[in-house]
Amino acid sequence: MIDPRRLRQDLLNIAARVGTRGAVFDVSRFEALEDRRKAAQLETENLQQERRRASKRIGAARAAGEDIAPMVAAVGDLGERLNAAKAEFDEVRRELDEFMRGIPNVPDESVPPGADDAENVELRRWREPPRFNFEPRDHVDIAAGALDLEAAAKLAGARFSVMRGSLARLHRALTAFMIDIHTLEHGYEEIYVPYVVDRDILVGTGQLPKFEDDLFAISGDRDQFLIPTAEVPVTNLIRERILDADTLPLKFVAHTPCFRSEAGNYGKDTRGIFRQHQFEKVELVQVVHPAESWRALDELTSHAEAVLKALDLPYRVVVLCAGDLGFAAAKTVDLEVWLPAENRYREISSCSNFLDFQARRMLARFRDPETARPEYVHTLNGSGLAVGRTLIAVLENYQDGDGSVHVPDALRSYMGGTSRLEFDAAGAE
RNA sequence: GGAGGGGUGGCUGAGCGGUCGAAAGCGCUGGUCUUGAAAACCAGUGAAGGGCGACCUUCCCAGGGUUCGAAUCCCUGCCCCUCCGCCA
């Protein structure tokens with residue numbers, strides 16, 4: 001949520017900047033709602049004050065033993081007028097709140113203009129793409145014996161996977177490897193969280209109210225959803241709390257499955273496991289002092305990069321243009337890993353600074369020792385990394401041309417010392 | 001699932017339907033004292049919204065209701081605790 005005060009003071013400028021993302025900010029509607037709000041608030045507060053004073057007088061009179069009946073009669077229809085005013089105020093507030101919650105974050109000044117991912121800007125590259133003396137195969141072919149997409153389809157439809165044997169183990173090894181890097185080398189606390197959350201929680205991080213179609217809803221009487229990313233439960237740990245300044249920064253790493261309906265992506269990435277309804281991700285979340293969030297974004301990005309470096313996977317770093325930004329992000333940096341079979345870089349991590357946008361929706365604050373007042377924290381998150389996509393990258397970059405894949409050095413100890421994997425038709429080692 | 005007990009400020013915890021945004025303690029901030037610190041003592045200290053401001057309004061888990069007036073009474077929901085049952 002954008003700071004309403006800032007919005008009132010700098011309406012046209014902010015509306016224009018939100019517009020650079022391709023979003024529409026209806027200035028006149030906002031102004032109309034604000035006018036109605038002011039009038040309704042004034043009316044309501046005046047009537048409330050009147051009632052309060054009258055009730056106090058009656059209380060005092062009764063205590064003094066006076067006859068209060070005439071005073072009670074004099075209050076008349078105040079209650080009804082107050083209820084009417086309140087109803088209008090509540091309604092305007094609801095509309096204004098809905099309006100505000102539907103406005104995406106303001107892009108940072110440093111975000112390049114652009115409509116979609118074609119206009120993202122490359123910042124740097126690491127390592128050259130590997131050269132093969134054979135035609136590199138894609139992960140579906142390499143892992144054919146151990147990746148059973150037909151079995152998955154029978155269980156749950158398209159965009160799910162069944163992995164067997166050493167492929168499943170490699171997947172698990174990657175997860176453990178990533179968590180260990182972040183806890184042992186980068187100072188994150190590992191945390192385990194629910195994979196099902198209430199509606200409010202998703203409003204807090206910005207997935208709702210606008211993107212309900214992207215989520216899997218749980219049927220039942222409790223209005224819950226499967227999490228689309230660990231960002232949701234982990235960031236919301238601080239909702240409606242006032243943290244001590246000296247507890248910042250909070251740094252969490254969580255491994256969870258992520259569930260996305262991928263509505264609107266029906267024709268995209270249909271081969272293999274690149275885009276799934278269910279996938280594993282190791283997520284980094286930081287909660288920081290507002291003065292620290294830009295430095296923290298660089299740091300968090302470098303933590304995600306460290307995983308790619310440890311696996312010796314070539315990648316590049318791009319900054320998303322305004323039109324490609326996620327709803328809640330003020331700025332996002334993507335890591336794209338090299339996929340030989342596609343002969344291009346593909347997204348494997350997305351690191352964002354949300355400033356106070358999520359904190360405001362969650363009411364997540366810290367007490368500033370300088371002012372002694374609660375202030376909104378800044379939140380950030382990034383994939384460190386998307387496990388399924390890392391699996392693809394390892395298979396494709398480490399393939400040997402004879403149907404086998406050698407295991408990255410860093411992963412050997414997580415694979416029981418195995419240095420070479422073959423995925424035959426039985427899916428065995 | 002059954003029976004009981006609870007949800008009050010940053011924390012703990014009082015609170016006969018009226019002067020209660022709410023005692024007290026802890027914590028925090030400032031001061032006195034001290035070479036310095038601790039202790040002691042004194043003072044201050046909830047949050048949100050609105051207004052240029054003096055100031056105003058709201059908030060005692062959430063939502064309804066009763067009442068001139070609700071932290072307090074009633075209803076519903078959510079959550080927590082204790083005991084019993086069941087259970088990976």
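The sequence lines fix the lettering, A, B, ..., with proteins before strands; numbering per chain opens at 1. All of these numbers come straight from a predicted model, not from anything done at the bench.
- The nearest whole Å value for the distance from the CD atom in A:E43 to the C1' atom in B:rG50 is 15 Å.
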Using a 4.0 Å heavy-atom cut-off, write out nucleotides 51-61 of chain B from 5' to 3' as B (base contacted by protein), S (sugar-phosphate only) or - (no contact). S----BSS---
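- Heavy-atom contacts from other residues, nucleotides or ligands closer than 6.0 Å to CZ of A:R5 number 12 or fewer.
- The interatomic distance linking A:I238 (CD1) with B:rG10 (P) rounds to 16 Å, in whole Å.
- The separation of B:rA70 from B:rG65, taken at their C1' atoms, amounts to 11 Å, rounded to a whole angstrom.
- When the C1' atom is used for both B:rA22 and B:rU76, the distance is 27 Å, rounded to whole Å.
- Between the P atoms of B:rA14 and B:rG9, the separation comes to 13 Å (whole Å).
- Note that A:R199 lies outside the cation-pi zone of A:F225, set by a 6.0 Å cut-off to the ring centre and a 45° limit from the axis.
- Mapping A:I58 and A:Y376 onto RNA chain B by nearest heavy atom places A:Y376 closer to the 5' end of the strand.
- OP1 or OP2 of B:rA48 has at least one side-chain nitrogen or oxygen of A:R365 nearer than 4.0 Å.
- Of the C1' atoms belonging to B:rG46 and B:rC60, the separation is 12 Å, rounded to the nearest Å.
- In this structure, A:E240 atom CD and B:rG9 atom P are separated by 13 Å, rounded to whole Å.
- Close to B:rA47, at under 4.0 Å from its OP1 or OP2, lies a side-chain N or O of A:R373.
- The environment of A:K309 atom NZ is dense: over 12 non-hydrogen atoms of other residues, nucleotides or ligands sit within 6.0 angstrom.
- The nearest whole Å value for the distance from the CZ atom in A:R241 to the P atom in B:rC11 is 10 Å.
- With a cut-off of 3.5 Å on both pairing distances, the Watson-Crick or G-U wobble partner of B:rC26 is B:rG10.
- If you look at A:F25 and A:F99, their ring centroids are closer than 6.0 Å.
- For the residue pair A:Q286 and A:E292, no side-chain donor N or O sits within less than 3.5 Å of a side-chain acceptor on the partner.
- Residues from residues 78-103 of chain A with heavy atoms under 4.0 angstrom of RNA chain B: there are none.
- One interatomic measurement links the two molecules: CG of A:L47 to C1' of B:rG50, which rounds to 16 Å at whole-angstrom precision.
- Between B:rC26 and B:rC78, the distance separating the two C1' atoms is 30 Å to the nearest Å.
- Separating the CG atom of A:L243 from the P atom of B:rC11 is a distance of 11 Å, rounded to the nearest angstrom.
- Using a distance-only test at 3.5 Å, with no hydrogens or angles considered, a donor-acceptor pair links the side chain of A:Q358 to the main chain of A:T205.
- Between A:R62 atom CZ and B:rG17 atom P there is a gap of 11 Å when expressed in whole angstrom units.
- Summarising the geometry, the separation between NZ on A:K56 and C1' on B:rG21 is reported as 11 Å, rounded to the nearest angstrom.
- Contact detail for A:S404 and A:R420: the closest heavy-atom pair is OG-NH1, 2.9 Å.
- Atom CZ of A:R373 has 12 or fewer neighbouring heavy atoms from other residues, nucleotides or ligands inside a 6.0 Å radius.
- Annotation: cation-pi geometry not satisfied between A:R360 and A:F357 (NZ/CZ under 6.0 angstrom from ring centroid, within 45° of ring axis).
- With both ends at atom P, the span from B:rA40 to B:rG25 equals 13 Å, rounded to whole Å.
- Between A:R367 and B:rU29 there is no side-chain N or O to OP1 or OP2 distance below 4.0 Å.
- Contacts of A:R360 with the nucleic acid, taken as non-hydrogen atoms under 4.0 Å apart, are absent.
- More than 12 heavy atoms of other residues, nucleotides or ligands sit less than 6.0 Å from atom CZ of A:R8.
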Compile the donor-acceptor pairs under 3.5 Å between side chains in residues 62-75 of chain A and protein atoms, sequence neighbours left out, one pair per line.
from	atom 1	to	atom 2	distance (Å)
A:D67	OD1	A:A69	N	3.1

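- Heavy atoms of A:A74 sit nowhere under 4.0 angstrom from any nucleic acid atom.
- When the P atom is used for both B:rC86 and B:rC80, the distance is 23 Å, rounded to whole Å.
- Taking atom C1' on both B:rG15 and B:rC20, the two are 9 Å apart, rounded to the nearest angstrom.
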